[in-house]
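Here is how names work: the chains are called A, B, and so on, in the same order as the sequence lines, proteins then strands, and each is numbered from 1.
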Amino acid sequence: MPIFETVFQEKPAIVLEIGSVYTKIGFCGEAHPRFIISTEIRSISDILKKSYISLYDQTAAFFTKIFFKYLLASPKDRKVSIVESVLTPTVIRECIAKVLFYHFEVSSVLFLPTHLVATATLAVENAVVVDLGFKETIVIPVYSGVQVLSAWQAQPLGSEAVHDKIKAELILNGVKEEILTDAVIEDIKVRTCFVTKQSRALSFKSKEEIQPCPDLEYPVDGNDVIKVPGQLREVAFEVLFPKDNDRLGLPYIILDAILNCPVDTRKVLAENILLIGGTASALGMTARLKAELTKLIESDYYKNRLFIQEVKFHSAPSKPNFTAWLGGSIYSSTELITSSSFTVTRENYLKNSKIPDWVNYESAFVRTQG
Amino acid sequence: MDFFLSKKIVEYACLCGVLSPLTKLYFCRHCLNLRCAFCCHHEVDSHFCSNCLENIPSSEAKLRKNKCNTCFDCPSCQATLSARATSIQVPMSTKGEGGDETDEGSASNKMVTKKMYYLACLACRWTSRDVGISDQTSQTCSWPEQEYFHSTRFQLLSEHFQAVVLCDKEEKQDYLRRKTVKTSKFPSMTDRTGLTVASIRRQIGFDKSAPKAKPKPTNITPSIATSEVEDLPDEIFTKPVNLKNITTIKQRLAQPANQPETVKHLYPQHKNLSIKRSLRCRHCEHNVIKPEYNPSSIKYRIQLFASNHVPEVRFVKADPFKIGESASIILKIINPTINDMTITIMDLPTEDEEKMAIEEMRKTFDKSVSIATKSSLTPSIMRPSLIEDPRMVDCKITGKIELPDSSFVVNQRDDSAEFDDDIQGDRQDPRFIIWRKANKVEIKLNVIPCDGLKKDDDIITGFTMQFTYSNVHTSTPEKESQGLRHALNVRVYINPGKISE
């Protein structure tokens, strides 16, 4: 048998992770994505207001670009894995499936949950996976290789919030709004801003006089210069750590997610935290989160509920922004891509035109019975 | 021309219901229908490098991960790098030069100039020397490849999980095998007597050879979480940043594996290949576009552009539109084929008719799919392509055309006619034809704006154009001397302007 297997080696599956800003694309069994490109289906809620056809067309156009401009692979009769968050709206998943089956005629589509596959890059079974995305942060603990869905936490704390903060501050400082495009703000954030230390953040908060990091002059288009104040560079990411009574900041939702898990799993989970997503690559993010979490577990609110002594972080063998993609690559290189009950084959899709959902296995059952 | 600067004035509706200008449409001569890029099936035809124009076979392209071996992209600005030559003085080595044997004394003093190459970007002045890549002796020789730090770990992970899944599968099969009830009507002797395979083996004396060991997943050291995380460097609070040394997000993402943060780690990237694409009609599986393999050729082996087969409608001019009054528009119709065409202008299908046509299309298609899916033995290549779901044309008619009372003929295209004098045919033209020359005809039609329009509203009008098409390329046995003549319909939508008053 092995001889035949090598002879008739299948075309490698295509693995996609479609984020709200960047899409990671590549083939299964590779250690990093081939390309990270910007997602061209923007503001899906707006499109949906117009019509479903418009969403379908945009998705088809975007995938055409992915297959023929970047991956250079005919999608016909290929397997495709999509790494996506379990919170993705059903409309979008169904649209993606429809585009892939009808427009591109792929042989099967496998949807993989971001948080679960991210743990595969560590070869551990228990972890709290914190996905720091552009629009939101989603925390889902994984225990014994199963997502604890009841413990999920999500807040609109992501790069978008940081971008808004930077933009607002710069406009307050007298920078013209028209030169502050999204790309410029993103570049300012990536190249100059960092997550400052907890002690310094507190000092800024209480308006203490401390020396902020040096100011910076950021040239735009060769005409304008944006003066980025040192304080902004340090406090831009503070929007992710709001200090108020809502307890909805980044460290809070991580601890809440752990708190929602059964008692005997909490210690293990707290000692296995994995940060993924583009925002996690901000300088000093892990250090700051650690400091915040360590402080919080000592606080009155959590002290008597969570009996955790310390938190520990994992580092995946990848950059944080494609860790989930890497997990998808590992999963898709196994036999799961054909045998998993979540794999939707072309035949099944044509029969039922349904894709299994995380809460509704219906078509998955149909598959095993038939 | 209507497509000039891609202003959408005259658009044709493809069979799938998408509107596009004639220049972007194809014509399937087997189904005799318009096709657009959206409803055709795209296929990768051949790989080539857009810089060195080398044709790369697809198996090789796969091995090279769709990158060109010899061409590089600038990591700083993503333009193509070019190899630049410098000459350096090196002491001549006797070993290297096999041909001329000189005595060692003079050789050590002799200096030869040697050509060395480095990569430079002509757009942003980045050079491979900036990041400390040493110069190479030949232009195309192997430039040092950048290693990916995590690749060994990934290999381990990948193997581990493959083994885990295989193991799982084996266990499941084992379990099913044990669980299934024997279907045999006759009681098995071994069941009765308690003689099992294992015990028989033991009796015979085979006990040493244990049953085949089950595959075990390879051991892998799981990642270990630490409480020691990298802290911010202290100097970040005091040292001013030099933006020139920090890479932009675009530069980082151009190297997805390493995503360097400082310009010191930028590395020339192998150029990504390009492809030639062929298009295939989903209904009849015939190619409508197939390019030549040679990357430097811009010709096609199969080219069924609609503009070579379908009469072209150009908008010439229109009277100003007023609410409630009819205005005339002038259209030019051009016959691109080498046969005369009879053209009839008809009404567009109504909404109900359109819906019915779509239903019809779906039905005929469903039939072919169900036949194919019923026999599960049909190999995947034999499966018919799925068609795009046909849709209603997304265009609201706001001006009604007064149909001309008769059809008319447009002469064949004749390239030599350009040089002939104006020969007026003895044809009796109907009154709405105002001009005729060679294969072109100008017609004048009246358009009545619909009720309920306001000033500055767009007038959109349209008609179904029926034309006779002679299929000269037909390969069917009933081919006759003139080929087959068909009457084909296309839906044309025109936007002649706005309401002025």
Which answer fits B/Val241, side chain, backbone, both or neither, if we ask what part of it has an atom under 4.5 Å from a heavy atom of chain A?
both

Interface moiety of B/Phe38 toward chain A, non-hydrogen atoms closer than 4.5 Å
both

Counting only heavy atoms not in B/Glu230 (residues, nucleotides, ligands), do more than 12 fall under 6.0 Å from its CD?
no

So which of A/Leu289, A/Leu122, A/Thr294, A/Asn272 has the largest heavy-atom pair count under 4.5 angstrom toward chain B?
A/Leu122

Contact origin within A/Lys197 toward chain B - heavy atom pairs under 4.5 Å:
both

Pick one of side chain, backbone, both or neither for A/Glu271, based on which atoms fall under 4.5 Å of a heavy atom in chain B.
backbone

Is the distance between the ring centroids of A/His103 and A/Phe63 under 6.0 Å?
no

Measuring heavy-atom distances to chain A, does B/Ile246 have an atom under 4.5 Å in its side chain, in its backbone, in both, or in neither?
both

Proximity breakdown for B/Phe154 and chain A, heavy-atom pairs closer than 4.5 Å
side chain

Does the ring of A/Phe237 carry A/Arg288 above it, NZ/CZ under 6.0 angstrom from centre and within 45° of its axis?
no

Hey, which of A/Ala287, A/Pro317, A/Ser74 has the most heavy atom pairs under 4.5 Å with chain B?
A/Pro317

If I measure from the heavy atoms of chain B, does A/Val311 come under 4.5 Å with its side chain, its backbone, both, or neither?
backbone

Please look at B/Thr248 and chain A and tell me whether the side chain, the backbone, both or neither of the residue comes under 4.5 angstrom of a heavy atom of that chain.
both

A/Tyr22 portion near chain B, given a 4.5 angstrom heavy-atom threshold
side chain

Is it the backbone or the side chain of A/Glu234 that comes under 4.5 Å from a heavy atom of chain B, or both, or neither?
side chain

For A/Ala120, which atoms come within 4.5 Å of any heavy atom of chain B: side chain, backbone, both, or neither?
both

For A/Asn321, is it the side chain, the backbone, both or neither that has a heavy atom under 4.5 Å from a heavy atom of chain B?
side chain

Checking A/Ser315 against chain B: side chain, backbone, both or neither under 4.5 Å from a heavy atom?
backbone

Of the backbone (N, CA, C, O) and the side chain (C-beta and beyond), which part of B/Phe161 lies under 4.5 Å from a heavy atom of chain A, both, or neither?
both

Bottom line for A/Phe313: the part with an atom under 4.5 Å from chain B's heavy atoms is both

Any idea which of A/Ala183, A/Gly26, A/Gly29, A/Ala60 has the most non-hydrogen atom pairs under 4.5 angstrom with chain B?
A/Gly29

Just checking, is any N or O donor in the side chain of B/His270 or B/Glu145 under 3.5 Å from an acceptor N or O on the other one?
yes

Of the backbone (N, CA, C, O) and the side chain (C-beta and beyond), which part of A/Leu71 lies under 4.5 Å from a heavy atom of chain B, both, or neither?
backbone

Chain A contacts, top residue of B/Arg153, B/Lys67, B/Arg277, B/Glu159 (heavy-atom pairs, under 4.5 Å):
B/Arg277

Between B/Thr247 and B/Arg252, do the side chains contain a donor N or O and an acceptor N or O under 3.5 Å apart?
yes

For the residue pair A/Tyr349 and A/Phe101, categorise the inter-ring angle as parallel (less than 30°), tilted (30 to 60°) or perpendicular (more than 60°).
parallel

Interatomic distance, A/Ser54 atom OG to A/Gln58 atom CD [nearest 0.5 angstrom]:
5.0 Å

Kindly check if the number of other-residue, nucleotide or ligand heavy atoms within 6.0 Å of CZ (B/Arg391) is above 12?
yes

Looking at chain A, which one of B/Lys250, B/Gln259, B/Glu261 has the largest number of heavy-atom pairs inside 4.5 Å, strictly under?
B/Gln259

Region of A/Leu216 in contact with chain B, defined by heavy-atom distances below 4.5 Å
side chain

Nearest 0.5 Å please: distance from the CD1 atom of A/Ile210 over to the OG atom of A/Ser203.
4.5 Å

B/Glu147 atom CD: more than 12 heavy-atom contacts under 6.0 Å
no

B/Asp234 versus chain A, the contacting section by heavy-atom distance below 4.5 Å
side chain

Taking every heavy-atom pair that is under 4.5 Å apart, which of A/Thr64, A/Ile273, A/Asp57 has the most such pairs with chain B?
A/Asp57

In terms of heavy-atom pairs under 4.5 Å with chain B, the winner among A/Glu186, A/Arg200, A/Glu310, A/Lys69 is A/Arg200

Considering all heavy atoms of both residues, which atom of A/Val124 and which atom of B/Pro222 are nearest to each other, and what is their separation?
CG1-CB, 3.8 Å

Any idea which heavy atoms bring A/Ile226 and A/Val184 closest together, and the distance?
CD1-CG1, 4.0 Å

Who wins among B/Thr221, B/Ile220, B/Asn258 for the most heavy-atom pairs under 4.5 Å with chain A?
B/Asn258

For A/Asp187 and A/Tyr218, which I'm curious about, is there any donor-acceptor pair between the side chains at under 3.5 Å?
yes

Under a 4.5 Å cutoff for heavy-atom pairs, which residue among A/Leu72, A/Ile36, A/Val190 has the most contacts with chain B?
A/Leu72

What part of B/Ser58 is in contact with chain A, defined as an atom under 4.5 angstrom from a non-hydrogen atom: side chain, backbone, both or neither?
neither

Below 4.5 Å from any heavy atom of chain A, which atoms of B/Leu156 appear? Answer side chain, backbone, both or neither.
neither

Quick check on B/Asp231 against chain A: is it the side chain, the backbone, both or neither that has a heavy atom closer than 4.5 Å?
both

With a 4.0 Å cut-off, would you call A/Lys351 and A/Glu347 a salt bridge?
no

Heavy-atom cut-off 4.5 Å, strictly under: side chain, backbone, both or neither for A/Pro212 against chain B?
backbone

Show the numbers, then the answer: is there a side-chain contact (heavy atoms from CB on, under 4.5 Å) between B/Phe48 and B/Leu273?
CA-CA 6 Å; B/Phe48 67 97; B/Leu273 296 180; over 6 Å; no

Ignoring hydrogens, what is the shortest heavy-atom contact between A/Ala291 and A/Gln198? Give both atom names and the distance.
CB-OE1, 3.6 Å

Is the centre of the B/His150 ring less than 6.0 Å from the centre of the B/Tyr148 ring?
yes

Taking the ring centre of each residue, are A/His163 and A/Phe134 less than 6.0 Å apart?
yes

